[in-house]
Structures are given as structure tokens and as C-alpha cells.
There are 2 protein chains.
Amino acid sequence: MTNIRDLAREADVSVTTVSRVLNHHPYVADDKRKAVQDAIRKLGYIRNQTAVQLSTGQTKTIGVMLPYVDHPYHAAILQGIARCAFEEDYRFLTWQTNYVESHEQTVLQALAQREVDGLIIVSHSLAVEDILKYEQYGPIVFCEHHADVSAVYIDHYTAFQKGLAAFQSLGHTEIGICLGRPDSTNSLARKRAYQDTVACTPSEWIYEHSLTIEDGASIARHWLSQPRRPTALLTASDHVAAGIILELRKRGYRVPEDLAVIGFDGSDLAVVLNLTTVAVPYETIGREAFSIAISDTWRDHPQIEIPTTLLNGLTANPAVNER
Amino acid sequence: MTNIRDLAREADVSVTTVSRVLNHHPYVADDKRKAVQDAIRKLGYIRNQTAVQLSTGQTKTIGVMLPYVDHPYHAAILQGIARCAFEEDYRFLTWQTNYVESHEQTVLQALAQREVDGLIIVSHSLAVEDILKYEQYGPIVFCEHHADVSAVYIDHYTAFQKGLAAFQSLGHTEIGICLGRPDSTNSLARKRAYQDTVACTPSEWIYEHSLTIEDGASIARHWLSQPRRPTALLTASDHVAAGIILELRKRGYRVPEDLAVIGFDGSDLAVVLNLTTVAVPYETIGREAFSIAISDTWRDHPQIEIPTTLLNGLTANPAVNER
DNA sequence: TTGTAAGCGTTATCAT
DNA sequence: ATGATAACGCTTACAA
């Protein structure tokens with residue numbers, strides 16, 4: 001592997017001059033620059049990035065911690081990060097944690113070990129305080145709302161309120177909600193929105209641990225078995241909404257006539273099933289998080305809220321019609 | 001930032017001994033080991049990975065080149081890579097190329113610059129010969145079939161034949177196909193399967209450049225405008241199939257009665273729409289590709305074919321019934 | 001405008 | 001079992 005010393009020898013200049021040419025620095029005589037460039041071509045020189053990184057103390061790499069790379073919503077955030085990273089000549093390392101705390105520790109460790117210059121945390125299960133201990137090693141940007149951290153987030157309280165209000169304006173009063181991990185920050189905000197907005201909120205109408213299409217199907221079956229059922233269900237993901245709807249239709253029930261359903265995310269599933277859903281611009285979240293991670297603004301712990309939109313489909317209407 | 005020299009001084013040993021302790025080498029006296037470990041704790045030492053990389057000449061990182069990170073099928077491959085990488089204590093860098101050749105060059109350059117130890121190419125537009133020039137810098141594993149390269153792939157010829165045969169066994173003879181990028185290796189294989197398997201293959205029944213749900217809708221509209229229409233359509237992705245079906249239903253046509261449709265991928269869309277589809281185990285592809293990239297087997301250019309399965313849904317049936 | 005030399009933080013070779 | 005010391009390939013004061 002040829003290095004800058006070989007180049008210097010070949011071009012009959014010093015390594016400094018070679019380095020200057022390589023980095024497009026000024027103050028290099030044209031003939032020497034030419035000599036170096038010729039040497040580069042002749043020797044087929046390729047710069048070793050690792051050495052650059054060690055010398056400069058920068059990796060030009062951002063780490064991304066997320067639970068699942070193949071969840072559409074996480075993939076959309078990745079997409080935003082990928083776009084931005086390319087534009088800024090940065091790279092990004094992705095770690096899939098499955099919400100396992102020891103795996104999340106590995107990611108934090110990577111920041112401490114200078115494998116990456118900064119971290120974007122899409123979602124996590126470790127305590128925020130524990131994560132923030134690693135901020136001494138570099139920027140950490142969350143894609144969820146927490147106090148005193150850099151964050152790009154959607155307000156799940158407001159977002160859920162939008163869905164609930166939509167139901168109410170259609171005449172629904174018996175409304176249930178589906179949540180993911182029950183103690184996550186997002187779920188807590190959602191539950192608060194529910195209890196603040198809706199008058200009747202029995203705990204049997206709060207369906208927890210729902211993430212997948214199959215989880216949605218289970219909820220539908222459970223709903224069928226309940227003596228007292230809500231007439232409307234606000235879910236935490238389009239996948240869950242899809243599962244509910246499919247299972248219900250399979251059993252001869254109608255959506256929204258028998259049960260109104262609103263999804264969350266605004267994914268492809270919402271498009272093909274004509275779901276009414278709360279659309280989230282995930283790519284924007286990724287972009288914003290990235291730009292904070294590579295700038296100096298992170299030290300001020302900026303908090304950027306990204307707005308959501310209620311997308312009208314065909315799964316939320318009735319209630320009014322029913323009476 | 002404290003380094004091993006600081007540790008050596010603190011523990012009153014040489015840097016070599018420190019390094020030995022760090023790397024769990026034998027031949028270290030218990031008391032010295034203890035002294036080093038105490039020093040590590042006291043000084044809050046954290047190893048600098050970049051320095052390790054420079055010294056060992058290995059990054060323990062694999063690069064992944066793919067067109068779009070948020071396409072479900074690519075995300076599923078990433079998922080397989082992510083799983084494997086974590087197990088093997090490797091990292092992976094992802095580059096989204098959008099099939100832009102200059103972006104693909106950047107990725108190859110990264111291999112040459114030793115930013116990564118190897119490369120997994122999920123899909124590409126550069127010529128294979130040009131990519132293979134970079135094999136001198138490290139393993140390159142393709143997720144598509146090419147001669148004389150390391151590859152983990154599905155046989156698109158066979159896979160398409162499966163779909164076509166399913167149509168034929170249902171009585172269809174007027175069959176059309178939808179392709180993505182018309183000149184990709186995959187599309188060529190698919191077209192060959194079409195022409196070898198089906199008797200009647202007019203070029204108006206080969207719909208190209210179809211990737212998204214919207215593309216599917218366009219195809220449906222085009223199909224409606226055709227004087228002579230196929231009775232069955234084999235698509236190259238569930239997204240396209242979904243788009244076709246939705247558009248057709250919106251206009252009052254029935255699937256599969258008016259047009260039978262088979263998807264490709266076996267994605268969530270297929271589940272919620274009850275698509276008949278050719279399911280591909282993308283995660284397995286990711287896993288296998290990764291394990292080749294980090295082992296020495298890549299030099300033999302192993303070719304691993306991953307089998308596909310026809311998943312029966314409700315969108316392919318008729319034709320038989322029609323007559 | 002150019003060059004010398006000292007880092008960056010490890011690992012690895014070779015004595016002892 | 002332990003330690004000097006030379007790599008690894010680059011950047012960057014500082015000097016000239």
C-alpha cells in the first residue's frame with residue numbers, strides 16, 4: 001500500500017507538500033502540485049481514511065441507534081439521515097438494538113470509543129440520564145421528546161388529540177386506544193392525551209403492547225369478546241390498525257360501521273387500505289436530527305417539534321350515522 | 001483523553017503490558033494485570049477504536065451499497081445484515097445510491113480507502129466489471145446473480161416462472177408482466193422467463209419502469225386503455241401489484257375476475273391485501289451475504305441461491321371460472 | 001512556499 | 001513474563 005511518504009519520495013517533495021495537495025491547501029507551487037499529482041497517478045495512491053481519522057480526531061461518521069431497521073417508520077427516518085449524510089459527506093453506522101439495554105450500551109460505548117462523532121437515538125429503552133452521561137463524548141440527538149436533551153420529535157400528545165378529536169367530531173364517545181410499549185415516553189403522552197380529551201376512559205379500552213399486524217388482529221379478537229366495547233379505536237401504528245381491520249372484516253364486521261379505526265404513521269399500508277391516519281413526516285425528523293448532530297447547536301439542547309397531519313381515509317367516519 | 005501511555009505510567013508497567021491486558025493476552029502476572037485494571041478505572045480510560053483500526057489494518061466494518069434504504073425489500077436485507085453484524089461484533093455503513101453511478105463510485109472508493117473491510121452490494125447500476133476492479137481492496141458480495149462474483153441471490157428466472165405457471169394452471173394464456181428498471185440483470189432474467197414460458201408475449205404486455213404504488217396505478221390506467229388486454233399480470237413488486245389492484249377497484253373493476261394479479265416480495269402489503277405473491281426471504285439474503293463478506297470464502301466467488309415460495313392469496317384465481 | 005519533526009493511540013516485533 | 005521501540009498513515013505546528 002503506497003503512502004504519502006512514497007509519494008513525497010517519488011515527487012521529490014516533503015510529505016507536508018503532499019498532504020497540502022491532497023487537502024487542496026493553498027501555498028503550493030504549481031510545478032510541485034503537478035509533480036505530486038503525477039506521483040499519485042503513477043503509484044495508484046489511495047488515501048487511508050483510518051489514518052486521517054486518527055490524525056484529525058474526527059470520523060465524519062454519525063451513529064444511529066434504533067430498535068428495528070426494517071420497521072417502515074424507522075426506515076423512513078434512516079432515509080432522511082442517509083440523504084443528509086450523503087450531502088454533507090458524512091457516513092452513518094446503524095445499530096439495531098431490539099430495545100435490549102445491553103445492546104444500547106454498546107452503541108453508547110461506540111461514541112465513547114470515538115467510532116462515531118455523534119449519535120442519533122431514534123428510540124431507546126435505557127434511562128435518559130444514563131444516556132446523557134455519554135454526552136461528554138459528543139452530540140446525542142433524540143428523535144423523542146425529553147427535557148434537557150437535543151431532540152427532534154413529534155408531540156404525541158397533540159397528535160393523539162387530533163385523532164381523538166376527529167372521532168369526537170364524528171359523534172364517537174366510546175373511544176379506545178392502542179399503545180406500543182406501555183411505559184415509553186410516547187405511550188405516556190398518548191395516554192395523557194386520551195385521559196385529558198375523552199370523558200370515558202376505562203382501562204379495558206387501553207390496549208397495550210401492540211406493534212404488529214398480528215397484534216392488531218389479537219386486539220380485534222379481544223374487542224369482540226368484550227362485554228362493553230368502544231365504537232372507535234385510535235391506534236399507535238398503521239400496522240396495528242391494519243391488523244384490526246383485516247381481522248374484523250374476516251369475521252364479517254364492518255369498518256367503520258361496527259368499529260371506527262384511525263392509524264398512525266401515514267405509511268404505505270394507510271394508502272392501500274384507505275386508512276384515516278395521523279401522518280408523520282419521518283424523513284424530516286431524520287434530516288433535522290442529522291443536521292443538529294453535525295453542527296455545534298447541539299450543545300444548546302435544541303428542541304425541534306415536527307408537526308403531524310390527520311389524513312382522511314375511509315375508516316373513521318360513522319358513529320353520527322349510526323344514531 | 002487518557003491513552004495507554006497514561007495507563008502505563010499510572011500502573012507502572014509498559015504500554016505493551018497494558019495492551020496485553022486490554023486484549024486479554026496471556027503472559028501477564030496477576031498483580032500487574034490488577035494494577036492496569038485499577039488504572040483503567042481510576043483514569044476512566046476508554047480505548048480509541050480508530051487507533052486500533054489503524055494499527056491492525058482492520059475496521060471490522062462492512063459497507064452496504066443500496067439504492068433506497070426505505071424500500072421494504074432493501075430494509076429487510078439490511079435487517080439480516082444488522083443481525084449478523086451485531087452477532088459478529090462488526091459494524092456496517094450504509095450508502096444510499098439512488099442508482100446514481102457517481103454515488104456508487106463513492107462507495108467503491110470507501111472500500112479502496114479502507115473505510116470498510118468489505119462491501120455488500122444489494123443492487124447497482126455500474127457495470128459489474130468496473131465494480132470488480134475494486135475486489136483487490138477487499139471482498140465484494142452481490143445480492144444479485146452475476147458470473148464470477150460472490151453472490152447471494154434468488155433466481156429471478158425460476159421465481160417468475162413460478163408466478164407464470166400459477167397463472168397458466170388457472171387457465172390464463174393472456175399474461176402480461178411488470179418490470180422495474182428494464183435493463184437490470186433481474187429484469188432481463190424475468191423477461192426471459194416470460195418469453196420462454198408463455199406462448200403469447202406482445203411487447204405491449206411488458207410494462208416497464210414500475211416500482212411504486214403510483215406506478216402500479218398508472219399501469220392499471222394504461223391497461224384499461226389498451227384495445228387488447230392481458231387477463232393476468234405478474235408484477236415485480238407487491239407495491240406495483242397493490243397500485244394496480246387499488247386503481248382497478250376504484251374504477252369498478254374486479255380483481256381477480258377482470259384482471260388476475262400476482263405480486264412479488266411477500267411484504268406487509270401482500271398480507272393486508274391478500275395478494276398472491278412470490279415471497280422472498282430477504283433477511284436470509286442479508287445474513288448470507290454478510291457471512292461471506294467477513295469470511296475468506298469470498299475469494300472462491302461462492303454463489304448461493306436462496307429459494308422463493310409462491311404464497312397463495314386471493315388475487316390470482318379466475319380465468320378458469322371465466323370461460 | 002516548503003520542509004522537519006512531533007504527534008494521534010494503538011499493536012506487534014524482538015529482545016531480555 | 002515484561003519492556004523498548006518501531007510501525008500504521010496521516011495532519012499540523014513551527015521553522016526556515
Side-chain angles (χ1 to χ4, degrees), chain A residues 1-37 39-40 43-61 89 109-117 137-138, chain B residues 1-37 39-40 43-61 89 109-117 137-138:
Chain A
M1 189 168 19
T2 98
N3 59 28
I4 55 169
R5 258 176 281 270
D6 299 330
L7 288 183
R9 199 174 311 118
E10 176 72 26
D12 197 29
V13 297
S14 73
V15 292
T16 312
T17 302
V18 174
S19 176
R20 286 200 180 103
V21 173
L22 252 26
N23 294 295
H24 308 290
H25 280 316
Y27 302 126
V28 179
D30 285 348
D31 56 331
K32 302 231 173 191
R33 180 188 314 278
K34 174 105 180 34
V36 171
Q37 284 163 343
I40 290 176
L43 270 46
Y45 168 80
I46 294 178
R47 204 216 221 93
N48 182 317
Q49 275 302 330
T50 307
V52 175
Q53 287 172 17
L54 177 61
S55 191
T56 59
Q58 273 199 64
T59 59
K60 292 274 245 173
T61 304
D89 193 30
Q109 203 58 23
L111 178 62
Q113 295 188 160
R114 326 258 150 195
E115 281 187 71
V116 294
D117 292 345
Y137 301 110
Chain B
M1 187 168 21
T2 97
N3 59 28
I4 57 170
R5 259 176 279 270
D6 299 330
L7 288 183
R9 199 175 310 119
E10 175 72 27
D12 198 28
V13 297
S14 73
V15 292
T16 313
T17 302
V18 174
S19 178
R20 284 201 180 101
V21 173
L22 252 26
N23 293 294
H24 308 290
H25 281 314
Y27 304 126
V28 178
D30 285 349
D31 55 334
K32 304 231 172 191
R33 179 186 315 278
K34 175 105 178 34
V36 171
Q37 284 162 343
I40 289 176
L43 271 44
Y45 167 81
I46 294 178
R47 206 216 222 92
N48 181 318
Q49 276 300 331
T50 306
V52 176
Q53 288 173 16
L54 177 60
S55 191
T56 58
Q58 273 199 64
T59 59
K60 293 274 244 173
T61 304
D89 193 29
Q109 202 58 21
L111 176 63
Q113 296 189 159
R114 327 255 150 198
E115 281 188 71
V116 295
D117 293 344
Y137 302 109

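Order of the sequence lines sets the chain letters (A, B, ...), proteins ahead of strands, with each chain counted from 1. As the structure is a prediction and not an experimental result, all values here were calculated from the model.
Taken over five-pair windows at either terminus, the axes of the helix from C/dT1-D/dA16 to C/dT16-D/dA1 are inclined to one another by 40° (rounded to 10 degrees).
Not a single side chain to side chain donor-acceptor pair (under 3.5 Å) links A/Thr50 to another residue, sequence neighbours left out. Residues that satisfy the salt bridge (Lys or Arg N to Asp or Glu O under 4.0 Å) test with B/Asp30, not counting sequence neighbours, are absent from this structure. Evaluation of the side chain to side chain donor-acceptor pair (under 3.5 Å) rule for A/Arg33 yields no partner, not counting sequence neighbours. Applying the side chain to side chain donor-acceptor pair (under 3.5 Å) criterion to A/Ser55, with sequence neighbours excluded, gives no partner residue. Under the side chain to side chain donor-acceptor pair (under 3.5 Å) criterion, B/Asp31 pairs with no residue at all, not counting sequence neighbours.
Within the structure, every pair that satisfies the salt bridge (Lys or Arg N to Asp or Glu O under 4.0 Å) test and touches residues 6-17 of chain B, not counting sequence neighbours, is listed here: B/Asp6-B/Arg9, B/Glu10-B/Lys42.
Rounded to a whole Å, the CG atom of B/Leu7 is 14 Å from the P atom of D/dG3. Here the P atom of nucleotide C/dG9 and the CD atom of A/Gln113 are 14 Å apart, to the nearest Å. What separates CZ of B/Arg33 from P of D/dG3 is a distance of 13 Å, to the nearest Å. Following rounding to the nearest Å, A/Asp117 (CG) and C/dC8 (C1') show an atom-to-atom distance of 15 Å. If you measure from atom CD of B/Gln53 to atom P of C/dC8, you get 18 Å, rounded to the nearest angstrom.
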(message) Across nucleotides 8-16 of chain D, 5' to 3', mark each nucleotide with B, S or - according to how protein heavy atoms within less than 4.0 Å reach it.
(response) BBBBBB---
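Using a 4.0 Å cut-off, no side-chain N or O of A/Ser14 falls inside it from OP1 or OP2 of C/dT2.
For the atom pair CG of B/Leu43 and CG of B/Leu7, the computed distance is 6.0 Å after rounding to the nearest 0.5 Å.
The B/Lys32 side chain lies nearest to D/dT2 when the options are C/dT1, D/dT2, C/dG3.
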Cut-off 3.5 Å, no hydrogens considered: what does the side-chain donor-acceptor table look like for residues 20-27 of chain A, sequence neighbours left out?
from: A/Asn23; atom 1: OD1; to: A/Arg47; atom 2: NH2; distance (Å): 2.7
from: A/Asn23; atom 1: ND2; to: A/Ser19; atom 2: O; distance (Å): 2.9
from: A/Asn23; atom 1: ND2; to: A/Ser19; atom 2: OG; distance (Å): 3.3

